[in-house]
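To keep things clear, I will list the structure first and then write my remarks on it.
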Amino acid sequence: MKFIYNPLIKLSALFLILLNICCLSAENDNSKYKNTALLLETRNDLEYIIITDQKAIQGTLIKEVKHYDISPQSKKIIFQKNGSNELFSAQIIDRGNDELRLNESSSLGQFNNNDVFFTISNKGDKIFWAKYENGRSSLWVMTLPDGNFVTCGEVNGYPYRPSWSYQDEFIAFYLKEESPSLQYDDYGMACINLKTGKILLFSKSKPIRPTPLRTWGPSWNNNDSFVAYEGTYDNFAKRRVLLLDIAKEKLIPFIRGYWVGNDRICYVKDVSTSNSMEFLTNNITKVIENDYSRASKIGEIDLDAFSCVYYDDYNKRLYFQTLHGVLGYYDFNLQKKIEIKKINQLVKKLISIYF
């Protein structure tokens, strides 16, 4: 089952969303990869664009996809197709000649409509999902490639947008305790420690948009110490994110932005009259303490609105689709905006992987 909602995104301090980022390990050498592939979810298909220095080649990876999840680190994907509840896993490979394809595709079994939100771990060796029945959900983890699975607890309610932590030791999600309808405003928050089995539950937050929808899943920093949820307990607060401190098991009001490594966040300076975005970075602890004195500027882009956006911490790039359909990115290393190509469809989701 797939629920996707992407309103037009204006990137200011009031509207900047915090997204999951692509974070390969620090020891990886960027020079070992020749090409970047940008995966695009459009109306019914999962497409890709291979980006080189000279060209951008577009193709289709999966047609008529109903649900999918990708591990950018391992390049593994799980997916279901329209009209079927069968779940598949595969490896995304570079076939050469500027073409991607699925390799070693295998069935993980038939599921039903009560099995929701299949999510693959960052290492690509586990899958999490929930079985929702009669207002209660059992939570499951399957290991790959053997297909063995174990339960990791039960909760009252409907889990929504589960997210593995960077080191695959925790899973965070929204928990709708009263109704599975995404339009019903009852979004609580939950986090599971997979080693101990402990489940942290937090009361429902208030939406930050005109609708109750939570448009992005919980977002982890690189050492599993913090995870951010969309929502607030204060209608008038500028901090429209709730940050969970894993060690203290405490929610903290926070700002929207992008994780940069273990202990920093990138965000947009609040200049509501400007048609460009000025990006700043600051220490997480300083932001919690409301201390912006040591924030440093790392880039500026002459756009003020996107329809889709994705930050890649590995290459230090902010990928986006403009309101006119143009795909591009801002390179923080080069301090430069680069256009890739125009796409005639609205892109719902962007993910980058490397070959």
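Counting from 1, the numbers follow the sequence of the chain as shown.
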Please examine the side chains of [Y] and [X], heavy atoms only from C-beta on, and report whether any two atoms are closer than 4.5 Å.
{"X": "Phe128", "Y": "Cys152", "value": "yes"}
{"X": "Leu280", "Y": "Glu278", "value": "yes"}
{"X": "Gln183", "Y": "Pro212", "value": "yes"}
{"X": "Asn315", "Y": "Ser352", "value": "no"}
{"X": "Gln73", "Y": "Tyr166", "value": "yes"}
{"X": "Ile50", "Y": "Phe355", "value": "no"}
{"X": "Asn44", "Y": "Lys63", "value": "no"}
{"X": "Glu41", "Y": "Val65", "value": "no"}

Self-check item: Ring-face cation contact, Phe320 with Lys337, 6.0 Å cut, 45° max
Solution: no
Quiz item: Cation-pi between Lys349 and Tyr68: NZ/CZ under 6.0 Å from ring centre and within 45° of the ring axis?
Solution: yes
Fit a plane to each ring of [X] and [Y], take the angle between them on a 0 to 90° scale, and name the class: parallel (under 30°), tilted (30 to 60°) or perpendicular (over 60°).
{"X": "Phe226", "Y": "Trp259", "value": "parallel"}
{"X": "Trp140", "Y": "Trp129", "value": "parallel"}
{"X": "Tyr330", "Y": "Phe279", "value": "parallel"}
{"X": "His67", "Y": "Phe117", "value": "perpendicular"}

Neighbour count >12 (heavy atoms, 6.0 Å) for atom [atom1], [X]:
{"X": "Phe149", "atom1": "CZ", "answer": "no"}
{"X": "Asn97", "atom1": "CG", "answer": "no"}
{"X": "Lys195", "atom1": "NZ", "answer": "no"}
{"X": "Lys198", "atom1": "NZ", "answer": "no"}

Practice problem: Show your reasoning for whether side chain to side chain donor-acceptor pair (under 3.5 Å) applies to Thr42 and Asp45. | Solution: CA-CA 6 Å; Thr42 57; Asp45 303 332; 5.0 Å; no
Practice problem: Could you walk me through whether Arg264 and Asn283 pass side chain to side chain donor-acceptor pair (under 3.5 Å), step by step? | Solution: CA-CA 4 Å; Arg264 299 190 70 79; Asn283 181 273; over 6 Å; no
Does [X] use its side chain to pair, donor to acceptor, with the backbone of [Y] at less than 3.5 Å?
{"X": "Asp313", "Y": "Val260", "value": "no"}
{"X": "Tyr229", "Y": "Met189", "value": "no"}
{"X": "Asp125", "Y": "Thr143", "value": "no"}

Self-check item: Thr232/Ser205 under side chain to side chain donor-acceptor pair (under 3.5 Å): CA gap, chis, key distance, verdict
Solution: CA-CA 5 Å; Thr232 181; Ser205 62; over 6 Å; no
Practice problem: Tell me who clusters with Tyr184, hydrophobic residues only, linked when side chains sit under 4.5 Å apart either directly or through other members. | Solution: none
Exercise. Check ring-ring contact (aromatic ring centres under 6.0 Å, His included) between Tyr187 and all other residues, then give those that pass, not counting sequence neighbours.
Key: Tyr160
Quiz item: Regarding Asn112 and Asn85, is there a side-chain donor-to-acceptor distance under 3.5 Å anywhere?
Solution: no
Quiz item: Ion pair present between Arg161 and Glu230, side-chain N to carboxylate O less than 4.0 angstrom?
Solution: no
